[in-house]
Q: 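I am attaching a structure below and will ask some questions about it afterwards.
All residue numbers refer to positions in the sequence shown, counting from 1.
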Amino acid sequence: MNPTPPLEAQDRPARLTVGVVGAGRVGPALAAALQLAGHRPIAVSGVSDASVRRAAELLPDVPLVTPAEVLARADLVLLTVPDDALAGLVTGLAETGAVRPGQLLVHTSGRYGTAVLDPATRAGALPLALHPAMTFTGTSVDVQRLAGCSFGVTAPEELRMAAEALVIEMGGEPEWIAESARPLYHAALAIGANHLVTLVAQSMELLADAGVRAPDRMLGPLLGAALDNALRSGDAALTGPVARGDAGTVAAHVAELRRHSPQSVAGYLAMARTTADRALAHGLLKPELAEDLLGVLADAGDGPGPGPGPGARPAPGPAAPGTGPDTPRSPESPDGRGHDHDGPDNPDGYDPDGPGHDPDTPDHGPEGGDR
């Protein structure tokens, strides 16, 4: 007798209807993962072209509606908007009566726990903070990458099992983070993931300036080994001129960077000082060599040194008006008439892409920026 074949996702009874507020890179992917687990995506909000494309690819046939309508239809609502927009969005939804008692309200910000959902909680919502520690592309590959992805989970104790179950259903691994530890948790991920991208991109640019035809191919094995060693051994994996105390080599590096990429000098010095401190603390850098090394790093930070060479890239200039880090971001109002981040003149809704953001560029992730 043949065993009963496992039910396909579409044959299983849907347990929860799922809605997404903010069709950035994260929300549609998580909703698609929940759909594979037997839940039923039923509504999504987002009006930019990028949002419409993402929703159509990852959640075909799921209607695009206003945020208030998403809450009206869904048992489980994913609030996948930028960190700075989240509090205002939650307050607006609660004040307009969009939140329903017993509704699961989930945000994916790394920075916040569940306190940011307090206005909705007072209206009867069940608050969960589920932050996937992963970079998202906004494509179907993200659903596959959720397998084994760690999620930072914060929830009231009575909802802990439900929160962890949802993460497991999406293919992830729940990691409990206390409410008070969320900012530190998020900062740690930003240091590791966001700054890594900056360092790798900068390294590739400098290798190209040095005449290397395939910087990515050169760096791939080196960085892969360094990452693996660091994850296995921590500071014991430190190598290179700073850990060895090669003050002359470090001085030569700084001189070359001043000529060819002056905007890279400050970052190099900051990382070299941090590396030296950790190497000293773990007995890798000999104290007698550290003195000369730290002297070079101190002297290098005292003045501008030589000007940029002929092939130098200009340092970034001031941000254009309205695009700097302090520019306020307007979350979509619960009735769907807030500003869209694709431009200041779009009155039809909120999309977390950011001005001029290329929808195909890998984004979000651990840092909790654009969702």
Q: For Leu126 and Gly102, which heavy atoms make the closest approach, and how far apart are they?
A: CD1-O, 3.7 Å

Q: Distance-only, no hydrogens or angles: does the Asp228 side chain make a donor-acceptor pair with backbone N or O of Gly224 under 3.5 Å?
A: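 Judged by distance alone, no pair lies under 3.5 Å.
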
Q: Side chains of Phe151 and Met170: does their closest heavy-atom pair fall under 4.5 Å?
A: yes

Q: Quick check: closest heavy atoms across Tyr112 and His107, and the distance to 0.1 Å?
A: O-CE1, 3.2 Å

Q: Between the side chains of Asp75 and Arg40, is the shortest nitrogen-to-carboxylate-oxygen separation below 4.0 Å, so that they form an ion pair?
A: no

Q: State, with a plain yes or no, whether a side-chain heavy atom of His253 is found less than 4.5 Å away from one of Pro241.
A: yes

Q: Examine distances only and state if a side-chain atom of Arg54 and a backbone atom of Gly27 form a donor-acceptor pair shorter than 3.5 Å.
A: no

Q: Between Leu30 and Val20, does a side-chain contact (heavy atoms from CB on, under 4.5 Å) hold up when you go through it step by step?
A: CA-CA 9 Å; Leu30 298 187; Val20 179; over 6 Å; no

Q: In residues 283-295, what donor-acceptor pairs under 3.5 Å come from side-chain atoms, sequence neighbours left out?
A:
none

Q: Same cluster or not: Val197 versus Leu223, using hydrophobic residues (I, L, V, M, F, W, Y) connected whenever any side-chain heavy atoms lie under 4.5 Å apart?
A: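 In one cluster: no.
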
Q: Within the structure provided, determine whether Ile168 and Pro174 are in side-chain contact (heavy-atom separation under 4.5 Å).
A: yes

Q: Going by the side-chain contact (heavy atoms from CB on, under 4.5 Å) test, name the single residue among Thr80, Val116, Leu130, Asp83 that passes it with Ser109.
A: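 When Thr80, Val116, Leu130, Asp83 are each tested with Ser109, the side-chain contact (heavy atoms from CB on, under 4.5 Å) holds only for Asp83.
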
Q: Thr154 side chain to Glu179 main-chain N or O, any donor-acceptor pair under 3.5 Å?
A: no

Q: Thr274 side chain to Ala270 main-chain N or O, any donor-acceptor pair under 3.5 Å?
A: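 Yes; at least one donor-acceptor contact below 3.5 Å.
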
Q: Has Ser261 got a side-chain atom pairing as donor or acceptor with Leu257's backbone, closer than 3.5 angstrom?
A: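 The answer is no, because no donor-acceptor pair under 3.5 Å joins these two groups.
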
Q: Report the C-alpha distance between Val77 and Gln103 in whole Å, list the side-chain angles of each, state the deciding distance to 0.1 Å, and finish with yes or no for side-chain contact (heavy atoms from CB on, under 4.5 Å).
A: CA-CA 8 Å; Val77 179; Gln103 188 169 49; 3.8 Å; yes

